[in-house]
There are 2 protein chains.
Amino acid sequence: MTPPKLLDEAALKERELLIINSAVLLIQKNGIENLTMDKVVAQVPFSKGTVYKHFIGKEDLLLAISNYSMEVLSDLFFRAYQFRGCARSRMLLLNFSYLIYAMLYPALFQCVLCAKSPNVVGKSSEKHISEGEMLEVKLMTSIHGIVEEGLNDNSLSLPLNMDIQQICFSNWSTAYGAISLLSGEVDQCSGRTSLIVERELFNLSNLLYDGMGWNPLTKDSNPCLELKSALDELFPEELAKIKAKGRELNFDSFSFS
Amino acid sequence: MTPPKLLDEAALKERELLIINSAVLLIQKNGIENLTMDKVVAQVPFSKGTVYKHFIGKEDLLLAISNYSMEVLSDLFFRAYQFRGCARSRMLLLNFSYLIYAMLYPALFQCVLCAKSPNVVGKSSEKHISEGEMLEVKLMTSIHGIVEEGLNDNSLSLPLNMDIQQICFSNWSTAYGAISLLSGEVDQCSGRTSLIVERELFNLSNLLYDGMGWNPLTKDSNPCLELKSALDELFPEELAKIKAKGRELNFDSFSFS
DNA sequence: TTCGTCAGTGACGTATCGTCACATATTAAA
DNA sequence: TTTAATATGTGACGATACGTCACTGACGAA
């Protein structure tokens, strides 16, 4: 006798999303440090027991939010990957899509950072942990694709003793470092007076690509203007939303004339 | 009538350090996610009220640990700064002192990362927050010094549209990104199979310096061998301790022959 | 109609937090 | 030496939040 299946997969997924969204709203309102399961339960048309069916604990919920957030990001990455233009430009574009994401969804970005802490991972379900690992691979896929195209069209050759994965990681960790240290959402890195995240990300990325010998080198082109118009074309809605929040990507302070 | 001063500054500081050390031991044993004030109080010859005199809460204690930890790091940085050798080599050395620190004091390193989260900062005392900001400046000082020497001896010129502070930040965020993503202490960055933190840090740093046009360029020297012997000379105790823990900096996998 | 299974509930036991009223120790003045 | 004033230390306690579990009700199979 097969046990009756009363709840379909889709409804479960939908409910999970509802809980996640409620939690995100609470984080936006009260800050991530004041998120409690009781508050989440109060926001949601389910009882505590039901919520705990989906997430084994607060940290597990946080990780699930982080995963959801990475899905959003991977969409941005993929759009950058698919854009026209040379590989190097698209890699820069991808890094900026990361920045756009951090500016547009600060609560989500915060969750991803927090979810990396052992505090969270240590208390989460295997399901969400492995889901998160899958998503990281998915993120890397777009990066990987761009690097491969750069290798194929000979604009990039592998530096001595480095393979594709290492190149991918270099780009990822560079963008990660700059954005997480400078994104205003994380109170870090004093002495950041006069540091502007979009400018530093731009400079760091280009220094890295120049160091790799990835053509066209900065001295041979004007990556800033190109980046600006690509962003306008590829992420018009996102940029508008950022503007609506009172922030704005500012390229005037460092455009090459 | 002047109020009697029963406790001198030094005794207070000493007690604070005792509490911090006890907490670090607990973190090493149980993981940072299981640290509770009750356990700390139980480990310490003071009562809860006294502990709360020093730290307004658990998060404040965590931030204080982070600050202590940054003091340890700034000593390593300073030693790298003072070493002989060209500026670029010492910058690389400094990045590796960061790695040594992350490997040698994983619990401390973890605390610094965790303390950056708004979860912690949002609940901490102004005193410890500003203390932390001072320490970040102190860390930057060593980096800043090396960059300035590079500028002075003309091995480095400022890239287009970048100032000293931006150069410093580039190096910091590069090292930060690579080490925090790859240090085994933080469960991050899947797909890191085959990524070796010391190798990636080495490559990333050199790509960055090459991108800046910082002499000597990689092709002109053997920075790997040079780095190795410098580390042996400057951090013999630390390297020995790392070895005693079963880990080891491995340069064989990527030395240029 | 009856029984078995499973989704859903929310009161409850436990853990941890941070406070506060009180106790003790130390110094200054009487 | 005694007394008053203040600094310092204590741990019991109320509040908050966590996660569980015994129970309810709904649905399908027999």
Side-chain angles (χ1 to χ4, degrees), chain A residues 1-19 22-23 26-27 29-65 114 119-128, chain B residues 1-16 18-19 22-23 26-27 29-65 114 119-120 122-128:
Chain A
M1 42 175 138
T2 50
K5 194 163 190 180
L6 304 171
L7 264 180
D8 58 295
E9 200 70 21
L12 282 177
K13 195 75 191 167
E14 192 178 344
R15 237 171 21 179
E16 198 161 312
L17 222 58
L18 179 61
I19 298 173
S22 302
L26 282 172
I27 291 174
K29 200 165 64 172
N30 307 322
I32 200 171
E33 67 275 16
N34 292 314
L35 184 75
T36 72
M37 288 305 256
D38 285 346
K39 284 179 200 156
V40 172
V41 169
Q43 291 288 316
V44 140
F46 318 113
S47 75
K48 199 174 238 188
T50 304
V51 171
Y52 272 86
K53 271 266 155 59
H54 288 273
F55 311 100
I56 63 172
K58 183 185 177 177
E59 287 74 17
D60 197 41
L61 171 59
L62 224 48
L63 184 55
I65 296 175
C114 287
N119 214 318
V120 171
V121 179
K123 293 181 182 173
S124 294
S125 65
E126 198 48 55
K127 178 196 163 196
H128 286 131
Chain B
M1 45 177 131
T2 50
K5 195 161 190 183
L6 304 171
L7 263 180
D8 58 293
E9 201 68 22
L12 282 176
K13 196 75 191 170
E14 192 179 345
R15 233 167 28 175
E16 200 161 310
L18 180 61
I19 299 173
S22 302
L26 281 172
I27 290 174
K29 200 166 64 172
N30 306 322
I32 200 170
E33 67 274 16
N34 292 315
L35 184 74
T36 72
M37 287 305 253
D38 286 346
K39 284 179 200 156
V40 172
V41 169
Q43 290 290 317
V44 141
F46 317 113
S47 75
K48 200 175 240 190
T50 303
V51 171
Y52 273 87
K53 272 264 156 59
H54 289 271
F55 311 100
I56 64 174
K58 184 184 175 175
E59 287 74 17
D60 197 41
L61 171 59
L62 224 49
L63 184 55
I65 297 174
C114 286
N119 215 318
V120 171
K123 293 182 183 172
S124 293
S125 66
E126 198 48 54
K127 180 197 162 195
H128 285 130

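Residue numbers start from 1 in every chain, and the chains themselves are labelled A, B, ... in the order their sequence lines are given, proteins ahead of strands. Keep in mind that what you see is a predicted model, and the values were worked out from it rather than measured.
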So which atom in [X] and which in [Y] form the shortest heavy-atom distance, rounded to 0.1 Å?
{"X": "A:L62", "Y": "A:L35", "result": "CD1-CD2, 4.0 Å"}
{"X": "A:A64", "Y": "A:F55", "result": "CB-CE2, 3.4 Å"}
{"X": "A:I65", "Y": "A:A23", "result": "CD1-CB, 3.7 Å"}
{"X": "A:C114", "Y": "A:V120", "result": "O-CG2, 3.5 Å"}

* List for me each residue that meets side-chain contact (heavy atoms from CB on, under 4.5 Å) alongside B:S47, sequence neighbours excluded, and say none if there are none. =>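 B:T50.
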* Name all residues meeting the side-chain contact (heavy atoms from CB on, under 4.5 Å) criterion together with B:Q43; count only those two or more places apart in sequence or in a different chain, and write none if there are none. =>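 Listed in chain order: B:S22, B:L26.
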In whole Å, what is the span from the [atom1] atom of [X] to the [atom2] atom of [N]?
{"X": "A:N30", "N": "D:dT16", "atom1": "CG", "atom2": "C1'", "value": "15 Å"}
{"X": "A:N34", "N": "C:dC17", "atom1": "CG", "atom2": "C1'", "value": "14 Å"}
{"X": "B:E16", "N": "D:dG9", "atom1": "CD", "atom2": "P", "value": "13 Å"}

* Under 4.0 angstrom between B:R15 side-chain N/O and D:dT8 OP1 or OP2 ->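 Indeed not, no polar side-chain atom of B:R15 lies that close.
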* Name the residue closer to the 5' end of DNA chain C, choosing between A:S47 and B:E59 according to the nucleotide with the nearest heavy atom. =>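 Result of the comparison: A:S47.
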* Kindly write out the residues that satisfy salt bridge (Lys or Arg N to Asp or Glu O under 4.0 Å) with A:K48, not counting sequence neighbours, or none if the list is empty. =>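 A:K48: salt bridge (Lys or Arg N to Asp or Glu O under 4.0 Å) contacts with A:D38.
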* To do: Can you sort out which residues in residues 36-46 of chain A have a heavy atom within less than 4.0 Å of DNA chain D? Ascending by number, please.
  => A:T36, A:M37, A:D38
* Check DNA chain C against residues 48-58 of chain B and give the residues with a non-hydrogen atom under 4.0 Å, in numerical order. =>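 Contacting residues: B:K48, B:Y52, B:G57, B:K58.
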* To do: Return the set of residues passing side chain to side chain donor-acceptor pair (under 3.5 Å) with B:E16 (not counting sequence neighbours), or none when no residue passes.
  => B:H54
